[in-house]
Student: 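I have a structure here, written as structure tokens, and I will follow up with some questions on it.
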Amino acid sequence: MQEQNVNTKIPEEEYTTTDYLSLFNVAIFPVAVLIAIFTRKLLIINRKRSMINRSVAFSPFNNGHCYGSNSTIPKSVNYHFTRQCNYKCGFCFHTAKTSFVLPLDEAKRGLKILKEAGMEKINFSGGEPFIHKRGEFVGELTRYCKVELKLPSVTIVCNGSLVTERWFKKYGRHQNGKDHLRSLSNARDWCRKYRVAFKINTVVNSFNVEEDMNHKIQELAPVRWKVFQCLLIEGENCGQEALRDAEKFVISDDDFTRFVQRHSTLSCLVPESNEKMRNSYLILDEYMRFLDCRGGAKVPSKSILDVGVESAINASGFDEKMFLKRGGKYTWSKADMNLTW
């Protein structure tokens, strides 16, 4: 899809880049920022879908679709379209083992296949998504998912160093520097300016497990603060074939529990232990293969571009019950959050 075609359908004065993006995640050591943006004209549709989901007394992963009675519907998918990154976080569990990125048209074809299989939320991640074509690639994927596929929620996870305010308006220029706190504050300020729901992720590890983040989190005032226990994945951040050695970042379950308890008065807190994380995400790699983490490593399925979603997802090891237990199906719509600006 050419940008010219998009503009003929939706006038520039009516839609901006922030209208296309549903969720924008900025990974900043030791925290990651989660920025949620929802298309205004989809809000009524979202409410109708929400009402439909509530009226069906079974899993949100199979309502309205029936290409197999026991098939999992990929309502929420994480697409790691690149492994390349300009950071070297020691605990990273999706490392630069290849430099491959699908051609844009092929990536769009895969996203369309996922939409036809029932996907409602897509999360673009890496690696660092903004490193490929300086954000143009992920920008076009974002635009495609919102304008053509009309997904209710589109998200991006990045480290913040390549993001500028200009990108919020139109996919922007490369920003130099790695000042994490400044990137975090800038992202927060831009969210407020453009009326974006602001969220934060934190990887809890041996270097920050004793910190008290209550004051800073209260100051930043996110609508949702996810804290992840540092996770080891064989072949990624541990083992002989890994590009990282995250052993020194690992904390015990008790240490993680103490961190959570220290911040338990914060209503925005959403903790995720290793048990909750490991198999409760549908992860697509750069070849659009689902990754099965049940054995402690990432075992790829065949690509959905070759075998379709149903065949590939059956090899994903996805734990739908844990997805629901950890709160994976939460309020995605900004309108339903009752935010004040």
Student: Side chain to side chain contact (heavy atoms under 4.5 Å, CB included) for Asn78 and Ser125? Distances and angles first, verdict last.
Tutor: CA-CA 7 Å; Asn78 299 273; Ser125 189; 5.7 Å; no
Student: Do NZ/NE/NH1/NH2 and the carboxylate oxygens of Lys97 and Glu236 come within less than 4.0 Å?
Tutor: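 No.
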Student: Measure the CG-CZ distance between Leu232 and Arg244 for me, rounded to the nearest 0.5 Å.
Tutor: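 It is 14.0 Å, given to the nearest 0.5 Å.
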Student: Name the one of Ile283, Asn123, Val157 that satisfies side-chain contact (heavy atoms from CB on, under 4.5 Å) with His80?
Tutor: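 Testing His80 for a side-chain contact (heavy atoms from CB on, under 4.5 Å) against Ile283, Asn123, Val157 leaves exactly one candidate, Ile283.
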Student: Rounded to the nearest 0.5 Å, what separates atom OG in Ser316 from atom CD1 in Ile304?
Tutor: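 Answer rounded to 0.5 Å: 12.0 Å.
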Student: Given side chains that start at C-beta, do those of Met288 and Leu111 come closer than 4.5 Å, heavy atoms only?
Tutor: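 A side-chain contact exists here, since the closest heavy-atom pair is under 4.5 Å.
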Student: Shortest non-hydrogen contact from Val309 to Pro74?
Tutor: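 Where Val309 meets Pro74 most closely, the heavy atoms are CG1-CG, 3.9 Å.
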Student: In terms of relative ring orientation, are Phe81 and Phe137 parallel, tilted or perpendicular, with 30° and 60° separating the classes?
Tutor: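 Phe81 vs Phe137 ring planes: tilted.
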Student: Heavy-atom count check: over 12 atoms from other residues, nucleotides or ligands less than 6.0 Å from Phe228 CZ?
Tutor: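 Check passes, neighbour count above 12.
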Student: Same cluster for Met277 and Val260 if Ile/Leu/Val/Met/Phe/Trp/Tyr side chains link at under 4.5 Å?
Tutor: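 Met277 and Val260: separate clusters.
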Student: Distance alone, cut at 3.5 Å: any donor-acceptor contact between the side chains of Asp255 and Gln229?
Tutor: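 The answer is no; no qualifying pair exists.
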Student: Could you check whether any side-chain heavy atom of Leu149 comes within less than 4.5 Å of a side-chain heavy atom of Ile122, counting everything from C-beta outward?
Tutor: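 Side-chain contact under 4.5 Å: no.
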Student: Compare every heavy atom of Ile233 with every heavy atom of Asn237, then report the nearest pair and how far apart it is.
Tutor: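 Scanning both residues, the minimum pair turns out to be OD1-N, 2.7 Å.
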Student: How close do Leu141 and Phe124 get, heavy atom to heavy atom, and via which atoms?
Tutor: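 Closest approach of Leu141 to Phe124: CB-CZ, 3.6 Å.
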Student: Treating Asn274 as the side-chain partner and Cys230 as the backbone partner, does any N or O pair qualify as donor plus acceptor under 3.5 Å?
Tutor: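 Flag set: sc Asn274 to bb Cys230 pair under 3.5 Å.
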Student: Take atom CD of Gln218 as the centre, draw a 6.0 Å sphere, and report whether it contains more than 12 heavy atoms from other residues, nucleotides or ligands.
Tutor: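 Above 12, so yes.
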Student: How far apart are the closest heavy atoms of His132 and Val101, and which atoms are they?
Tutor: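 Taking His132 first and Val101 second, the nearest heavy atoms are NE2-CG1, 3.6 Å.
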Student: CD of Glu219: more than 12 outside heavy atoms within 6.0 angstrom?
Tutor: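 Check passes, neighbour count above 12.
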Student: For residues Lys298 and His94, determine if any side-chain heavy atom of one lies less than 4.5 Å from a side-chain heavy atom of the other.
Tutor: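 Counting from C-beta outward, Lys298 and His94 do come under 4.5 Å.
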Student: Applying side chain to side chain contact (heavy atoms under 4.5 Å, CB included) to Arg294 and Asp319, what does each step give before you reach the verdict?
Tutor: CA-CA 9 Å; Arg294 286 176 294 182; Asp319 187 340; over 6 Å; no
Student: Group every Ile, Leu, Val, Met, Phe, Trp and Tyr by side-chain heavy-atom contacts under 4.5 Å, then state whether Met213 and Val270 land in the same group.
Tutor: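 Shared cluster, no.
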Student: Under 3.5 Å, is there a donor-acceptor pair between the side chain of Lys112 and the main chain of Cys145?
Tutor: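 Answer holds: no.
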Student: Looking only at heavy atoms, which two atoms of Thr72 and Phe318 are closest? And how far apart?
Tutor: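 Of all heavy-atom pairs spanning Thr72 and Phe318, the closest is CG2-CD2, 3.8 Å.
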Student: Check whether any side-chain heavy atom of Pro271 sits under 4.5 Å from a side-chain heavy atom of Phe256, and report yes or no.
Tutor: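 The answer is yes; the side chains approach within 4.5 Å.
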Student: Report the distance from atom NZ of Lys193 to atom CG of Asn186, rounding to the nearest 0.5 Å.
Tutor: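 It comes to 11.5 Å.
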Student: Given the rule that I, L, V, M, F, W and Y join up when any side-chain heavy atoms are under 4.5 Å apart, are Phe207 and Val250 in one cluster?
Tutor: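 Hydrophobic grouping puts Phe207 apart from Val250.
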Student: With rounding to the nearest 0.5 angstrom, report the CD to OG1 distance, Glu286 to Thr82.
Tutor: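 Reported to 0.5 Å precision, the distance equals 7.5 Å.
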Student: Below 4.0 angstrom, N of the basic side chain to O of the carboxylate: do Arg258 and Glu210 qualify?
Tutor: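 Salt bridge flag = yes for Glu210 with Arg258.
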Student: Nearest 0.5 Å, please: how far is CD in Gln84 from OG1 in Thr95?
Tutor: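 The distance works out to 10.0 Å.
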Student: Does any part of the side chain of Pro222, heavy atoms only, come nearer than 4.5 Å to the side chain of Ile217, both counted from C-beta?
Tutor: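 Contact flag for Ile217/Pro222 side chains = yes.
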Student: Do Leu243 and Leu231 belong to the same hydrophobic cluster, where Ile, Leu, Val, Met, Phe, Trp and Tyr are linked whenever their side-chain heavy atoms lie under 4.5 Å apart, directly or via other members?
Tutor: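 No: no chain of side-chain contacts under 4.5 Å links Leu243 to Leu231.
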Student: Under the side-chain contact (heavy atoms from CB on, under 4.5 Å) test, which residues partner Ser280, sequence neighbours left out?
Tutor: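 Ser280 satisfies side-chain contact (heavy atoms from CB on, under 4.5 Å) with Met322, Phe323, Arg326 only.
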Student: Does Lys226 form a side chain to side chain contact (heavy atoms under 4.5 Å, CB included) with Lys199? I'd like the steps, not just the answer.
Tutor: CA-CA 8 Å; Lys226 258 190 173 181; Lys199 304 183 180 183; over 6 Å; no
Student: Tell me whether Asn205 contacts the main-chain N or O of Val203 through its side chain, where contact means a donor paired with an acceptor under 3.5 Å.
Tutor: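 Flag set: sc Asn205 to bb Val203 pair under 3.5 Å.
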Student: Going only through I, L, V, M, F, W and Y residues with side-chain contacts under 4.5 Å, is there a path from Val209 to Phe93?
Tutor: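 No, Val209 and Phe93 fall in different hydrophobic clusters.
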Student: Would you check, one step at a time, whether the test side chain to side chain contact (heavy atoms under 4.5 Å, CB included) holds for Leu284 with Phe290?
Tutor: CA-CA 5 Å; Leu284 279 179; Phe290 284 112; 3.8 Å; yes
Student: If you take all heavy atoms of Asp285 and Pro300, which pair is closest and at what distance?
Tutor: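 Answer, listing the atom of Asp285 first, then Pro300: OD2-CB, 4.4 Å.
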Student: May I ask you to decide if the ring planes of Tyr287 and Phe100 are parallel, tilted or perpendicular, using 30° and 60° as cut-offs?
Tutor: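 Taking Phe100 first and then Tyr287, their aromatic rings lie parallel (interplane angle under 30°).
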Student: Take the angle between the ring planes of Trp225 and His263 and call it parallel below 30°, perpendicular above 60°, tilted in between.
Tutor: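 Trp225 vs His263 ring planes: perpendicular.
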Student: Just verifying a value: how many Å separate Leu291 CG and Tyr281 OH, rounded to the nearest 0.5 Å?
Tutor: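 Rounded to the nearest 0.5 Å, the CG-OH separation comes out at 15.0 Å.
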